[in-house]
Amino acid sequence: MKNAGIYVRVSTEHQAQEGYSVAAQKNNLAKFAKDNNFNIYSVYSDEGISGKNIKDRPEVKRLINDIELGVIEVVLIYKFDRLTRNVSDTEDFINIIQKYNITIYTLSEGEVDVSTPQGRFVTRLRGAVAQLEREQTAERIKVAFVQKVKEGCSLCSLTPCYGYNRKPKQKVM
C-alpha cells in the first residue's frame, strides 16, 4: 500500500462556495485514496493562501519535505491549480515528480504524467493556464476596486480609520 499525501488549498470564500472548500476537497480525496488502496500518510492544508508561489505556503513546503524524506509516494489534489498557480513552481514540481518518482493524481484531470515530452508539455500548459487565471483575477479585482472608489465607496471596513469620520449613509464596499 502506497503512502499518499492529500494537499488541499483555498484562497477565497468564493472558491469555498463553488465547491472547492477544504472539507469537500479532503472528503473527495480521502474517498479517492480509499478506492485506490492508498494509505493517507498526512493531509496538508493551506487555507486562505494564494497559489501564486510556494514560499508563502507552509503546508506545501511540508509536503515537499515529506516527499524528499521518502515517506510520500503519491500526492492527491483536487485540481492542478490547487498545487500551484506559477509556471516556475510547476517546473519545480515536474522535477520533484521525476527525481523522487512520485505520482500526482487530480480528481478533475487524472494522473499528472511527466514521463513523456507530451505529458510534461500538458503539465506545463496546466501551470501556465493556472498562472494566467491568477493574473487575470488580480487584474479584474484591481479594476473593480478603482470603480468602487469612483462610485464613492470605501474599500475599508465599516469602522473608519482613526482620525477620519464617515458621513451618514456613506457607501462602503
Side-chain angles (χ1 to χ4, degrees), residues 2-26 28-30 32-33 36 38 40-147:
K2 292 184 177 182
N3 277 343
I6 291 178
Y7 180 75
V8 295
R9 181 186 65 79
V10 293
S11 55
T12 67
E13 182 62 31
H14 174 73
Q15 289 170 330
Q17 293 171 356
E18 297 253 334
Y20 291 107
S21 74
V22 167
Q25 289 178 57
K26 285 179 187 177
N28 290 327
L29 292 166
F32 181 85
N36 288 278
F38 296 133
I40 300 173
Y41 177 80
S42 188
V43 176
Y44 307 82
S45 180
D46 283 319
E47 297 181 40
I49 303 175
S50 170
K52 70 180 176 182
N53 63 50
I54 289 174
K55 69 180 175 77
D56 294 331
R57 294 187 286 150
E59 287 294 284
V60 81
K61 290 192 297 189
R62 186 171 71 90
L63 170 66
I64 292 168
N65 186 62
D66 285 349
I67 291 168
E68 291 169 345
L69 291 173
V71 295
I72 297 290
E73 301 161 279
V74 175
V75 175
L76 306 177
I77 52 178
Y78 191 76
K79 189 176 172 190
F80 191 79
D81 69 1
R82 301 297 85 209
L83 189 59
T84 180
R85 286 183 169 260
N86 178 297
V87 292
S88 64
D89 289 343
T90 299
E91 196 64 35
D92 290 343
F93 273 106
I94 290 171
N95 293 330
I96 289 168
I97 293 167
Q98 292 176 319
K99 181 176 180 179
Y100 296 98
N101 196 30
I102 63 162
T103 306
I104 297 181
Y105 290 100
T106 70
L107 289 183
S108 61
E109 298 137 348
E111 183 177 346
V112 176
D113 174 25
V114 298
S115 65
T116 65
Q118 294 86 354
R120 289 186 295 277
F121 172 76
V122 169
T123 302
R124 289 179 180 117
L125 190 59
R126 285 178 180 158
V129 168
Q131 181 170 328
L132 174 65
E133 288 173 351
R134 176 182 55 82
E135 290 173 354
Q136 286 178 324
T137 298
E139 193 173 88
R140 284 191 300 269
I141 289 170
K142 183 179 177 183
V143 168
F145 281 178
V146 168
Q147 185 59 37

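The residues of the chain are indexed from 1 along the displayed sequence. Quick caveat: nothing in here was measured; it's all calculated off a predicted structure.
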Problem - Non-hydrogen atoms of Ala4 and Phe38 that approach each other most closely - result: CB-CB, 3.9 Å
Handout entry: Under 3.5 Å: donor-acceptor pair, side chain of Arg9, backbone of Asp46
Key = no
Problem - Check: Arg126 side chain, Lys79 main-chain N or O, donor-acceptor pair, under 3.5 Å - result: no
Exercise for the section: Looking only at non-hydrogen atoms, find the nearest pair between Tyr105 and Val74 and report the distance. Expected result: CD1-CG1, 3.7 Å
Practice task
Check salt bridge (charged side-chain N to carboxylate O under 4.0 Å, His left out) between Glu68 and all other residues, then give those that pass, not counting sequence neighbours.
Solution key: none
Practice task
First locate atom OG1 of Thr90, then atom CG of Leu83, and finally report the distance between them rounded to the nearest 0.5 Å.
Solution key: 7.5 Å
Exercise for the section: Return yes if some donor-acceptor pair links the side-chain N/O of Glu47 with the main-chain N/O of Val22 below 3.5 Å, else return no. Expected result: no
Completion exercise
For Leu76 and Ala33, the nearest pair of non-hydrogen atoms, with its separation, is CD1-CB, 3.7 Å
Handout entry: Residue pair Arg85 / Asp81: nearest heavy atoms and the distance that separates them
Key = NH2-OD2, 2.7 Å
Practice task
Take Asn36 and Lys2 through the side-chain contact (heavy atoms from CB on, under 4.5 Å) test and state the conclusion after the steps.
Solution key: CA-CA 10 Å; Asn36 288 278; Lys2 292 184 177 182; over 6 Å; no
Validation: residues 58-65 side-chain donor-acceptor distances under 3.5 Å, sequence neighbours left out:
residue: Glu59; atom: OE1; partner: Ser45; partner atom: N; Å: 3.4
residue: Glu59; atom: OE1; partner: Arg62; partner atom: NE; Å: 3.3
residue: Glu59; atom: OE1; partner: Arg62; partner atom: NH2; Å: 2.9
residue: Glu59; atom: OE2; partner: Arg62; partner atom: NE; Å: 3.2
residue: Lys61; atom: NZ; partner: Lys55; partner atom: O; Å: 3.2
residue: Arg62; atom: NH1; partner: Ser42; partner atom: OG; Å: 3.3
residue: Arg62; atom: NH2; partner: Ser42; partner atom: OG; Å: 3.3
residue: Arg62; atom: NH2; partner: Val43; partner atom: O; Å: 3.1

Handout entry: Minimum heavy-atom distance Asp66-Tyr41, with the two atoms named
Key = OD2-CE2, 3.6 Å
Completion exercise
Taken to the nearest 0.5 Å, the spacing of Tyr44 OH from Ile77 CD1 works out to 14.0 Å
Practice task
Start with the C-alpha gap between Thr84 and Asn86, add the side-chain angles, then the distance that decides, and say whether side chain to side chain donor-acceptor pair (under 3.5 Å) holds.
Solution key: CA-CA 6 Å; Thr84 180; Asn86 178 297; 5.2 Å; no
Exercise for the section: Nearest 0.5 Å please: distance from the CD atom of Glu111 over to the OG1 atom of Thr106. Expected result: 9.5 Å
Review item, side-chain donor-acceptor pairs of residues 94-104, under 3.5 Å, at least two apart:
residue: Asn95; atom: ND2; partner: Glu91; partner atom: O; Å: 3.3
residue: Gln98; atom: NE2; partner: Val114; partner atom: O; Å: 3.3

Handout entry: Test item: side-chain donor near acceptor, Ser115 and Asp113, under 3.5 Å
Key = yes
Completion exercise
Separation between CG (Leu107) and CZ (Arg82), nearest 0.5 Å, reads 12.5 Å
